[in-house]
Amino acid sequence: MDETEENTSIDSIEVGPASPHVLVTPRIPIPVMMRETPLSTKRERQAITPRFRRPAPRMIKTVPQTRSIWAVAKDTTPRLVTPHGPKPLESPKYDRNNSQTFFEQVFQIDEIIGRGSFGEVFRARCREDSQMYAIKVSIAPMRQHSISKYREAESHMIIPPHKNLVKFYRAWEETDHLYIQTELCDQSLQQYCTVNHALPENDIWNIFVDLLEAVHHLHTNDMIHDDIKPENIFLTKHKICKLGDFGLVINLKNPNDVKSAEEGDSKYLAPEVLNGKPTFASDIFSLGVTILEAATDLDVPSSGDSWHQIRNGEIPERFFVGISTDLRVLIEQMIDKDPKKRPTSRVLRQHQSIRKRREKRSWFIMSMDLIDNFTSFMSSILVWCMAFLSVVFHPIACFSEAIKNRRSEICAQFVNNQQHTPIHTPETSKAYSESLTGVALRQQATAPVSPFDFSDDENPPHSQRRPLTAVSRRLNFDENLDDDDDEQATCSSSNSSAIESVDDSISPKRNPVIPVRGTPKSARRLLSSYRSQNVPPHAGSGDGFNNNSLREKERTERYLRMFQAEKHLDWNDHSNMIDEAPPPMSCPPRIRRSVRDTRVPTLNFNLLDEPKNTEENVSIVSPKNSPAGIRQRPLRIGGKSLRSRLMSFQGSSGDEI
Ligand SMILES: Nc1ncnc2c1ncn2[C@@H]1O[C@H](COP(=O)(O)OP(=O)(O)OP(=O)(O)O)[C@@H](O)[C@H]1O
Ligand SMILES: [Mg+2]
């Protein structure tokens, strides 16, 4: 039959011939577009619904409660919830005089991980043991004399711990809010199913077995969960399922609980609960719908025809494609409309498909627990070992550090006592030579201090350096100085300009200071500052030419004196050490010039092999003979290269030649 026709026949009232006088207004058929949507999977729903929808605004109370206005001196101290009534809550991390709450003081709050109708759930690290926990905080302030105010906390405390129930640690009340500290899980089953949709059958069986164990544990302890649904089922990092949220748990031994029993989520609600009280069977129904949703990715309706359709067992065949008969039969039995026909948790546990998996699962959970415990035990041992090692080695480290410091102090003293060769710059050279001749001492009083410090890493720090005597002169930053005889034009610092420091009295033809391009900025600045001080060109040089000639003479003498001393020096006898600083330059110009002009004998390695052949082996080369010229003639003796012979003779690399 056509769908429209069927609808028309259902919605219109047939007026029979037996009552022709009764006037009944015929009902208008419901258009197709307004009819209840058929059952669909969550994936299909997601495809047709917009992804981002603005959430409904939360209700905000604009008027404070009358009770809170008149409340006088409310007790705001935190109180631990125990089965025997509230007790003061203590913690080494909690300070009563601090204005922050117990939760803020004792926990390091990470983020909100979930929100429910009862409260917000935070992930937080406890400062007492550095472990992560889930802390559920009630949103609305609790009514002082409400019977069910501690219901969830009390349920947690009454139910004996089980591996498939969320572990409870403690609950406390502070400023009319209830805080419940539980084990932190990875995610809820709802979150897991939303991401993965229809799960593989093996995973479904594992979830089923875990939840059945949890429900059986509750039922054997005369407890009804009353709110079994994917949002209240949590997965650990090993994908072990744990049942949580005991907000609606009914303790059958407590008449108050039975009296105040509430309905759970309508999506998972057994039909008989609409007109009655929750039972064990209603828990089995909710578990059946949860497993059905996880296995088929069914978008479970909360009301309407499709809600009844599920309760009537009219689930389209397409949802069970790829699901084993065993699983399907069990699901269908669990969501039977008649609660008496539903299997109990005990019967379900004895089902062959579940029995064989139960044992495997409990081994898996046990092994994972063992691994977790072992890992945390090892990590705590590691921490203790580290602490022990740090206690043992800290004094040793301090001692060695002290020795190191002492050694460097001694070295620093030794270095301070040493005479340092000034850096070979024109400035320092002149200053050094002047210090030897005593000219600088006389200049010191009148002349400004040389602003240049061409220090580099090889030289001691400025404070330790022998003070450069005040040298006042005109500075020339001309980089094009070409007088290689004049050693003062050579600057040791690579980034500094050559400084013309030759006294005007020696080379009067030299130009006064002209800064050229390429002069460092800092140098130019200093130059201008010198200019502004109006330093006269000869300021400080006093003796002029006479001094220079004296210096030159002195240096030459000194160089020769040291040369002689070195010749007769016994290097092993330290008393013979020359107690005299070397001249600042390697060689005074006069000696250097004389050396350049002479003919210096150079080594001919043929001597090593053929000492008799003196004519060939000793050759005198003039300084103009380039070394390249010598190398152009390959020396071969007896078919073997000189290089290889020398290498074998010297026992070293041929590069040393
Ligand atoms: N122990 C936990 N580990 C990880 N996440 C959790 C934990 N407890 C709660 N959550 C998260 O917080 C959400 C709400 O928690 P819970 O169901 O306990 O609050 P509720 O207010 O009682 O919710 P409702 O009454 O609506 O079911 C859960 O869906 C879950 O995402
Ligand atoms: Mg919940």
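Just follow the structure's listing: the first ligand is 1, and inside any ligand the first atom is 1. The chain is numbered in sequence order, starting from 1.
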For [atom], closest protein heavy-atom neighbour:
{"atom": "atom 16 (P) of ligand 1", "value": "Lys136 NZ, 3.6 Å"}
{"atom": "atom 31 (O) of ligand 1", "value": "Gln191 NE2, 3.8 Å"}
{"atom": "atom 2 (C) of ligand 1", "value": "Ala134 CB, 3.7 Å"}
{"atom": "atom 6 (C) of ligand 1", "value": "Phe234 CE2, 3.5 Å"}
{"atom": "atom 13 (C) of ligand 1", "value": "Gly114 CA, 3.7 Å"}
{"atom": "atom 15 (O) of ligand 1", "value": "Val121 CG2, 3.5 Å"}
{"atom": "atom 25 (O) of ligand 1", "value": "Ser117 OG, 2.8 Å"}
{"atom": "atom 27 (O) of ligand 1", "value": "Asp245 OD2, 2.9 Å"}

Carboxylate-amine/guanidinium contact [X] [Y], below 4.0 Å:
{"X": "Glu90", "Y": "Arg79", "value": "no"}
{"X": "Arg361", "Y": "Asp210", "value": "yes"}
{"X": "Asp245", "Y": "Lys136", "value": "yes"}
{"X": "Lys93", "Y": "Glu128", "value": "no"}
{"X": "Lys42", "Y": "Glu293", "value": "yes"}
{"X": "Lys277", "Y": "Glu262", "value": "no"}
{"X": "Arg342", "Y": "Asp336", "value": "no"}
{"X": "Arg358", "Y": "Glu213", "value": "yes"}
{"X": "Glu272", "Y": "Lys337", "value": "no"}

Considering distance alone, does some N or O of [X] sit under 3.5 Å from an N or O of ligand 1?
{"X": "Val166", "value": "no"}
{"X": "Glu231", "value": "yes"}
{"X": "Glu152", "value": "no"}

Ring geometry between Trp205 and Phe208 (parallel below 30°, tilted from 30 to 60°, perpendicular above 60°):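 Because their plane-to-plane angle is under 30°, the rings of Phe208 and Trp205 count as parallel.
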Classify the ring geometry between Phe246 and His156 as parallel (under 30°), tilted (30 to 60°) or perpendicular (over 60°).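 Correct class here is tilted.
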Below 2.8 Å, which protein N, O or S atoms neighbour the Mg ion (ligand 2), ignoring water?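 Protein N, O or S atoms closer than 2.8 Å to the Mg ion (ligand 2): Asn232 OD1, Asp245 OD2.
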Would you check whether Gln187 reaches within less than 4.0 Å of ligand 1, judged by its heavy atoms?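 Distance cut 4.0 Å: Gln187 fails for ligand 1.
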Is Gly119 in contact with ligand 1, taking contact as a heavy-atom separation below 4.0 Å?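 Distance cut 4.0 Å: Gly119 passes for ligand 1.
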Suppose I only count heavy atoms of Thr182 and a 4.0 Å limit; which atoms of ligand 1 are within that range?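 So the answer, numbered in order with elements, is 1 (N).
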Under 4.0 Å from a heavy atom of Lys229: which atoms of ligand 1 are those, numbered in the order shown and with their elements?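 Every atom of ligand 1 under 4.0 Å from some heavy atom of Lys229: 27 (O).
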More than 12 non-hydrogen atoms from neighbouring residues, nucleotides or ligands closer than 6.0 Å to NZ on Lys239, yes or no?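 More than 12 within 6.0 Å, yes.
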What do you reckon, is CD of Glu359 surrounded by more than 12 foreign heavy atoms closer than 6.0 Å?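 Check fails, neighbour count at 12 or below.
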Testing the 3.5 Å rule here: is there a donor-acceptor pair between the side chains of His219 and Asp283?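 There is such a pair (donor and acceptor under 3.5 Å, judged by atom type) between the side chains of His219 and Asp283.
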With heavy atoms under 4.0 Å as the rule, classify the contact between Asp186 and ligand 1 as side chain, backbone, both or neither.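 The answer is neither; Asp186 stays 4.0 Å or more away.
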